[in-house]
Amino acid sequence: MWTVQEAKAKLSEVLERARAGEAQVIGARDPCVVVSMDEYERLKRRQAEPHLGKWLVENLRGLGEIELPSRADDRPVPFVDWSDEDFRA
């Protein structure tokens, strides 16, 4: 985290670090973040993508009720027989 005065004095370093993928926080009371243009564009694209939860609600509405398993303490654990070896490639 940089103070505003430090960031002004070392602007080149702030920008170099941001370009290297290290977000730079400037200010303590009302902080701002400096990121590279690539990171900014990636975040903007991601923001424009539909939210999965919203998509599910909008597109799966009207399919009927979903039967959920019991939340009882004695319910079976579906993965109890799996080992770490089952997941190795």
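Treat the numbers as computed from the prediction; the structure is a model and nothing was measured.
Residues that satisfy the salt bridge (charged side-chain N to carboxylate O under 4.0 Å, His left out) test with Glu39, not counting sequence neighbours, are Arg42.
Counting Ile, Leu, Val, Met, Phe, Trp and Tyr side chains that sit under 4.5 Å apart, directly or through other members, Val35 shares a hydrophobic cluster with Met1, Val25, Val33, Met37, Tyr40.
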Anything under 3.5 Å between a donor and an acceptor, one on a side chain of residues 50-60, the other on a protein residue two or more places apart or in another chain? List them.
from, atom 1, to, atom 2, distance (Å)
His51, ND1, Gly53, N, 3.1
His51, ND1, Lys54, N, 3.4
Asn59, ND2, Trp55, O, 2.9

Could you give the side-chain donor-acceptor pairs of residues 15-24 under 3.5 Å, partners two or more places apart or in another chain?
from, atom 1, to, atom 2, distance (Å)
Arg17, NE, Glu13, OE2, 3.3
Arg17, NH2, Glu13, OE2, 2.8
Gln24, OE1, Trp2, NE1, 2.6
Gln24, NE2, Glu22, O, 2.9

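Contact between Val34 and Ile26 at its shortest, heavy atoms only, is CG2-CD1, 3.7 Å.
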